[in-house]
Amino acid sequence: MTRRRKWAVGALAMTVTIAVAAPVWAGTRPRVGASAAGSQVAGYGLSALASGVRYQLNSPGLLPVGDPAEGNIFGVDLPFARSNVTGGPVMGVVSSPMYPGDTASHLGTAFATFDSRAAGFPNYPVVAEANYPPAPGFGQDAVFNEPAIPGIGAGSARSHASADGATAGADVTSLTLPTDQPVIDVASSRATNVVTLKDDLVTSSAESHIGAVTIAGIITIDDVTGAATAASDGVAAKPAARLEIGKVSVAGQPAYIDGDGIHLVGQEPIGNGVAPGVESLLQKTLATDGITIRTVSPHTTVNAGQATADAGALVITLERTVPALGVPGFPSISGVPVPLGTPDLPLHIEIALGRARVAANATGVPTDTFEPSGTDVPFSDVSGLSQVADLSPVGAGATATGALSPSVPVASPPLQATVSGSARPRGSPIPIAWLLAGIAASIVLCGPLLGYARWQLLEGRTR
């Protein structure tokens, strides 16, 4: 037999084998979907920030710092929790019962950087700061406990950072703002963060809770809670946010707060002139102290694997004026007096309760997942969507209806932003019985041909 004939017989045997086995292989292999239904997170960036009470003091035109139009002078969060996480992971976690901002908190490091003689100048001590990987002076866990100080009750803070996530929390037992002429009293305040990292899902959440609040001695709010969370699997993300306001009353009369201000609820007055009298007292008090109260609605955005959530806040503003300081002038050129002193200085104080905001941005490597026939649209098909949602505050103190409802304490459900359908591949199970049957059929059908090829290529050559 010629060499060409022997190769032809071998090629024929291979062709028959493939022809018999191909239908079996094709029938047992699931159909790959148009887009992957699951993914592995390849890169990510997460942030979470919670602030029970944010105190911001502005005086336009007073100091050449910050935004000249706003005149930022001073800002502090009481309490404060923040977590920043990037791929690696690399984490920076900060919590404090009273946090004046990053610049003020790291003045010692800044001074030492520019002048070695200031190496002994300390950083802000009222803070618990944790890093991952650990850095000199900053481990994976940090705790701070502080005794009571004037205007602020006892406070504590704790931070933790590890390869699979981060947590931060801070508490203040009581708070009075401003401390010179108290207008706002807060019974307690708490701020927390939780960031979790998994192979197929990253989640960031923040929550702040404020206990009973009293404003100008006549307005009371049972509590305020702000919560925000965002999750991403690298293909799609989902945010959620909530601002919850407890019962509101003005001199014992039910009220509610919305984006336009605080409102008494129309109801039958108890005695002649009670409701009109309370309304007059409310307006007079607000005007005298320059107080306005309103809500900022929760807000969420989502675009493919990126999402943000902001719980909004209950915002109280105080308008004050520092009287001019006059100094008698003194003679100058041609006897013209030169007045010394300062003009009236406007002060704008903004106090935000229940701040919580998060961001989750992840990119994914699609896995080889399969889409079974007859199912709903795969979750990954939302990739590329861009949505913006403005939500309404909830709770008894957010609407007129809630203000008149019975005062029954109800535990708020945990805020969730779960990305479903991305944790596991989807597909039909492999039909093992048919696969084995196909292999056996291939052997039976191709056995004689393979035996003939063996005789031709090996045994036949010796004859």
Side-chain angles (χ1 to χ4, degrees), residues 38-51 77 80-96 99 101-103 105-106 109-110 113 123-124 127-142 157-170 191-208 227-241 299-311 355-367 383 386 415 417-419 422-423:
S39 67
Q40 294 294 309
V41 174
Y44 50 83
L46 300 162
S47 66
L49 184 150
S51 169
D77 295 277
F80 178 81
R82 185 187 65 201
S83 301
N84 289 326
V85 180
T86 56
V90 177
M91 304 183 183
V93 184
V94 176
S95 59
S96 172
Y99 193 67
D102 293 338
T103 301
S105 297
H106 297 91
T109 301
T113 300
N123 284 326
Y124 181 69
V127 65
E129 188 169 355
N131 286 352
Y132 183 86
F138 301 101
Q140 291 183 235
D141 293 276
R158 56 226 161 265
S159 300
H160 168 74
S162 64
D164 58 358
T167 59
T192 58
N193 295 164
V194 178
V195 175
T196 58
L197 304 177
K198 297 181 180 179
D199 291 340
D200 56 359
L201 188 69
V202 294
T203 306
S204 177
S205 61
E207 181 173 330
S208 62
T229 184
S232 176
D233 65 354
V235 177
K238 184 176 181 181
H299 182 77
T300 65
T301 66
V302 60
N303 185 3
Q306 180 178 4
T308 65
D310 190 327
R355 296 173 70 233
R357 63 173 183 260
V358 299
N361 184 10
T363 56
V365 178
T367 59
S383 179
S386 181
L415 195 67
T418 304
V419 178
S422 63

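We count residues from 1, following the sequence as given. Hydrogens, waters and symmetry mates are skipped; everything else that's a heavy atom, side chains included, is used.
Side chain of S159 to main chain of A142: no donor-acceptor pair is present (N/O by atom type, distance under 3.5 Å, no hydrogens or angles). When atom types are taken as modelled, the side chain of N131 and the backbone of F138 share no donor-acceptor pair closer than 3.5 angstrom. Side chain of S232 to main chain of G305: a donor-acceptor pair is present (N/O by atom type, distance under 3.5 Å, no hydrogens or angles). Although no hydrogens or angles enter the test, the distance criterion places no donor-acceptor pair under 3.5 Å between the side chain of S105 and the main chain of Y124. S204 places no side-chain N or O within donor-acceptor distance of the main-chain N or O of A230, the cut-off being under 3.5 Å.
In terms of heavy atoms, A241 sits closest to T300 at CB-CG2, 3.9 Å. Nearest heavy-atom pair, A50 versus E207, reported as atom, atom and distance to 0.1 Å: CB-O, 3.5 Å. The minimum heavy-atom distance between A359 and T308, with the atom names listed, is CB-CG2, 4.0 Å. Residues N84 and S47 approach most closely at OD1-CB, 3.5 Å, considering heavy atoms. When all heavy atoms are compared, the tightest approach of V93 to S83 is CG1-OG, 3.7 Å. Across all their heavy atoms, S205 and T229 have their closest contact at CB-OG1, 3.6 Å.
S96 contributes atom OG, which lies 8.5 Å from atom CZ of F80 (distance to the nearest 0.5 angstrom). Rounding to the nearest 0.5 angstrom, the gap separating the CG atom in L201 from the OG1 atom in T196 is 6.5 Å.
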Decide yes or no on side chain to side chain contact (heavy atoms under 4.5 Å, CB included) for V194 and T192, but give the supporting numbers first. CA-CA 7 Å; V194 178; T192 58; 5.8 Å; no
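Sorted by first and then second residue, the salt bridge (charged side-chain N to carboxylate O under 4.0 Å, His left out) pairs involving residues 158-167 (not counting sequence neighbours) are R158-D171. For residues 355-365, the pairs satisfying side chain to side chain donor-acceptor pair (under 3.5 Å) are D77-R355, with sequence neighbours left out.
D233 has its side chain out of reach of D200: every pair of non-hydrogen atoms, C-beta onward, lies at least 4.5 Å apart. Side chains of L197 and L46 form a contact here, defined as non-hydrogen atoms less than 4.5 Å apart. When side chains are defined from C-beta on, P89 counts as touching Y44, because their heavy atoms get closer than 4.5 Å.
In this view, D102 and R82 satisfy the salt bridge (charged side-chain N to carboxylate O under 4.0 Å, His left out) rule, not counting sequence neighbours.
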